[in-house]
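Working notes, structure below.
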Amino acid sequence: DLSSGKQKEHTEKFMAVCSYIHEHCTEDLCLDDIAFLAGFSKYHFTRLFKNFTGVSFYKYLNKKRIEHAEKLLVDPQLSITEVALQSGFSSLSAFIRMFKLIKDCTPTEFRNLYEG
């Protein structure tokens, strides 16, 4: 069956893409590059990625970056700005906004939960 073969191929591709994003989330990743890496046009990739993960590429990427940031925030030696930059965010404000959106608290509030 042609469609199940295609499905299997897409599943393998998107498992590899998700793995790549997980390993490289702190780098400057963009949709065009990842779509190219997967061998799709960015429009086709966007649709397939959302079908596969249930979220958009950038939402997925930001979730991975926030997960990375959570691990760094446990270290009180790192400033919030350092955590933001080491997690792949280009600015502190973008990091704080995204962190609050995903975690429902600021990075500082999150850190304080672990200091008590």
Side-chain angles (χ1 to χ4, degrees):
D1 181 25
L2 188 67
S3 68
S4 74
K6 202 68 157 162
Q7 187 70 40
K8 186 177 185 302
E9 185 187 321
H10 283 178
T11 299
E12 287 168 5
K13 249 184 203 175
F14 282 97
M15 293 293 284
V17 165
C18 290
S19 178
Y20 182 87
I21 293 169
H22 185 74
E23 290 166 28
H24 299 272
C25 68
T26 60
E27 298 165 25
D28 189 17
L29 298 182
C30 73
L31 177 63
D32 290 351
D33 294 345
I34 301 298
F36 179 79
L37 192 76
F40 295 109
S41 74
K42 102 172 156 186
Y43 303 104
H44 195 54
F45 176 82
T46 299
R47 195 169 50 76
L48 291 173
F49 190 85
K50 177 120 184 190
N51 285 346
F52 186 77
T53 62
V55 293
S56 72
F57 167 74
Y58 284 108
K59 194 167 200 166
Y60 186 88
L61 176 60
N62 283 322
K63 276 182 76 164
K64 291 295 168 201
R65 287 178 171 170
I66 295 302
E67 285 171 19
H68 182 80
E70 286 179 75
K71 294 177 196 130
L72 297 178
L73 284 167
V74 179
D75 179 358
Q77 301 300 306
L78 290 174
S79 72
I80 301 292
T81 304
E82 285 174 304
V83 170
L85 297 175
Q86 285 183 34
S87 299
F89 289 91
S90 54
S91 73
L92 181 60
S93 59
F95 170 62
I96 292 171
R97 190 169 53 249
M98 192 54 61
F99 197 95
K100 202 164 167 56
L101 193 70
I102 291 174
K103 299 305 294 177
D104 252 357
C105 65
T106 66
T108 305
E109 289 166 343
F110 181 86
R111 175 175 270 171
N112 290 342
L113 294 174
Y114 285 90
E115 284 181 349

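Just so we're clear, the structure is a prediction, and the values are computed from it rather than from any experiment.
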I need the minimum non-hydrogen distance between [X] and [Y], along with the two atoms involved.
X      : Y     : result
Gln77  : Glu82 : O-OE1, 3.9 Å
Lys50  : Ser56 : CD-N, 4.0 Å
Arg111 : Asp75 : NH2-O, 2.9 Å
Ala84  : Ser91 : CB-O, 4.5 Å
Arg65  : Glu27 : NH2-O, 2.8 Å
Val55  : Phe49 : O-CD2, 3.6 Å

Quick one: are [X] and [Y] in side-chain contact, heavy atoms under 4.5 Å?
X      : Y     : result
Tyr20  : Ile34 : yes
Phe52  : Leu48 : no
Ile21  : Phe57 : yes
Pro107 : Val83 : no
Thr11  : Met15 : yes
Thr108 : Leu73 : no
Phe89  : Asn62 : yes

Crowding at NE2, His22 (>12 non-hydrogen neighbours, <6.0 Å)
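Open: at most 12 neighbouring heavy atoms sit under 6.0 Å from NE2 of His22.
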Are there over 12 heavy-atom neighbours, none belonging to Asn51, within less than 6.0 Å of that residue's CG?
yes
Under the criterion side-chain contact (heavy atoms from CB on, under 4.5 Å), I'd like the reasoning laid out for Ser87 against Ile66: C-alpha separation, chi angles, the key distance, then a yes or no.
CA-CA 7 Å; Ser87 299; Ile66 295 302; over 6 Å; no
Should the pair Phe45 and Phe40 be assigned to parallel (<30°), tilted (30 to 60°) or perpendicular (>60°) ring geometry?
tilted
Spacing of [X] atom [atom1] and [Y] atom [atom2] [to the nearest 0.5 Å]:
X     : Y     : atom1 : atom2 : result
Leu31 : Thr46 : CG    : OG1   : 4.0 Å
His24 : Leu37 : NE2   : CG    : 9.0 Å
Asp28 : Asp33 : CG    : CG    : 8.5 Å

Determine whether [X] and [Y] fall in the same hydrophobic cluster, where Ile, Leu, Val, Met, Phe, Trp and Tyr are linked whenever their side-chain heavy atoms lie under 4.5 Å apart.
X      : Y      : result
Phe36  : Tyr60  : no
Tyr43  : Phe14  : no
Met98  : Phe110 : yes
Ile102 : Leu85  : no

Test salt bridge (charged side-chain N to carboxylate O under 4.0 Å, His left out) on Glu67 and Lys63; report intermediate values, then the result.
CA-CA 6 Å; Glu67 285 171 19; Lys63 276 182 76 164; 5.8 Å; no
Spell out, as yes or no, whether a donor-acceptor pair under 3.5 Å connects the side chain of Lys13 to the backbone of Ala38.
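Side chain of Lys13 to backbone of Ala38: a pair is present.
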